[in-house]
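For reference, the structure is listed below as structure tokens.
Numbers for residues simply follow the sequence, beginning at 1. All ligand and atom numbering here is 1-based and tracks the order in the structure.
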Amino acid sequence: MNVLVTAGPTREPIDPVRYLSNRSSGKMGYALAHAFAHEGHRVLLISGPTSQPLPDHVDYLPVTTAAEMHQAVSRHIGRMDIAIFAAAVADYTPVHAEPQKIKKTGDRLTLELVRTPDILGSARGAFGFTGTLVGFAAETEALEENARKKLASKGCDLVIANDVSKPGIGFDSDRNEVLLVYPDQSVALPAEDKVHLANHLAEAILELAAGKADR
Ligand code: C5P
């Protein structure tokens with residue numbers, strides 16, 4: 001199977017030396033890319049800046065901003081059987097990046113931000129993707145309800161939801177505890193390290209993709 005994985009944070013430039021970003025380590029996405037490649041699938045990893053080592057036998061397309069990730073996904077998703085959106089894409093980006101370093105002249109500084117493109121939300125519509133679509137939902141409340149809303153509104157086959165308010169799991173950590181939200185059911189997986197979890201997730205996603213191919 002051809003598998004696309006987005007991973008890591010994006011960086012949105014403010015000026016030549018500053019950016020807006022988030023604490024995503026890229027671990028979950030890289031572990032998923034590794035799990036699929038290890039099973040002999042062809043993986044394209046589209047990733048924002050991380051310090052993760054690149055898994056073997058994975059095609060790698062580095063990007064920096066949400067707009068670049070959107071463009072890279074739009075170019076490649078057409079030939080994919082499975083697309084997994086594990087990236088923590090910035091929701092807002094500065095309206096424009098200052099060409100020169102911003103000087104500290106006043107006591108206050110206002111940055112004007114604009115929404116970034118919704119990459120996962122473009123998959124079914126703008127990109128016309130018909131393969132197996134998997135999104136992530138990092139929530140601090142109403143985990144299942146919010147994940148189920150995301151599943152429906154983005155046309156996903158599966159949303160992998162995790163409660164980022166729990167200490168020691170999820171964002172920027174080695175372990176994760178997720179709820180698999182499908183259109184017809186939800187399955188809670190026990191907390192485990194991201195490498196083992198990625199193997200279980202890859203299995204579940206391959207089962208979904210096989211089910212889709214049978215239909
Ligand atoms: O709506 P929310 O940002 O919580 O959705 C998270 C999911 O959407 C993740 O799978 C993430 O990779 C994806 N996403 C995206 N493009 C954005 C924002 C989120 O692909 N601009």
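For ligand 1, the polar-atom distance check against A137 finds no nitrogen or oxygen pair separated by under 3.5 Å. Geometrically, ligand 1 and I119 share a nitrogen or oxygen pair separated by less than 3.5 Å. The shortest N or O to N or O distance between A86 and ligand 1 is not below 3.5 Å. Residue F85 places at least one N or O, backbone or side chain, under 3.5 Å from an N or O of ligand 1. Looking at L120 next to ligand 1, an N or O pair under 3.5 Å apart turns up.
The pair D59-R42 meets the salt-bridge criterion, with a side-chain N (NZ, NE, NH1 or NH2) lying under 4.0 Å from an Asp/Glu carboxylate O. Salt-bridge check for K194 with D174: failed, with every basic side-chain N at 4.0 Å or more from each acidic carboxylate O. With respect to the salt-bridge test (charged N to carboxylate O, under 4.0 angstrom), the residues D81 and K212 do not qualify.
For H70 and F127, the ring centers sit closer than 6.0 Å to each other.
Shortest contact from atom 3 (O) of ligand 1 to any protein heavy atom: D91 OD1, 4.0 Å. Counting protein heavy atoms only, atom 12 (O) of ligand 1 is closest to A87 O, 2.6 Å. Residue, atom and distance of the protein heavy atom nearest to atom 7 (C) of ligand 1 are F136 O, 3.0 Å. Closest to atom 19 (C) of ligand 1 among all protein heavy atoms lies V89 CB, 4.2 Å.
At a 4.0 Å heavy-atom cut-off, ligand 1 touches K150 through the side chain alone.
Distances shorter than 4.0 angstrom occur between a heavy atom of P117 and an atom of ligand 1. Ligand 1 does not have A66 within reach: every non-hydrogen atom of the residue lies 4.0 Å or more from it.
Each of E177, E141, E139 was checked for a salt bridge (charged side-chain N to carboxylate O under 4.0 Å, His left out) with K166, and the lone residue meeting it is E177.
For ligand 1, the atoms sitting less than 4.0 Å from at least one non-hydrogen atom of T116 are 21 (N), numbered in the order shown with element in parentheses. Ligand-side atoms of ligand 1 in range of G135: 10 (O), range being under 4.0 angstrom from any heavy atom.
Between N162 and M28, the closest side-chain pair of non-hydrogen atoms is not below 4.5 Å. Taking 4.5 Å as the limit, every side-chain heavy atom of S47 sits out of range of all side-chain heavy atoms of L61.
Few gaps surround CG on D184; more than 12 heavy atoms of other groups in view lie less than 6.0 Å from it.
In this structure, the separation between CG on L208 and CG on L180 is 9.0 Å, given to the nearest 0.5 Å.
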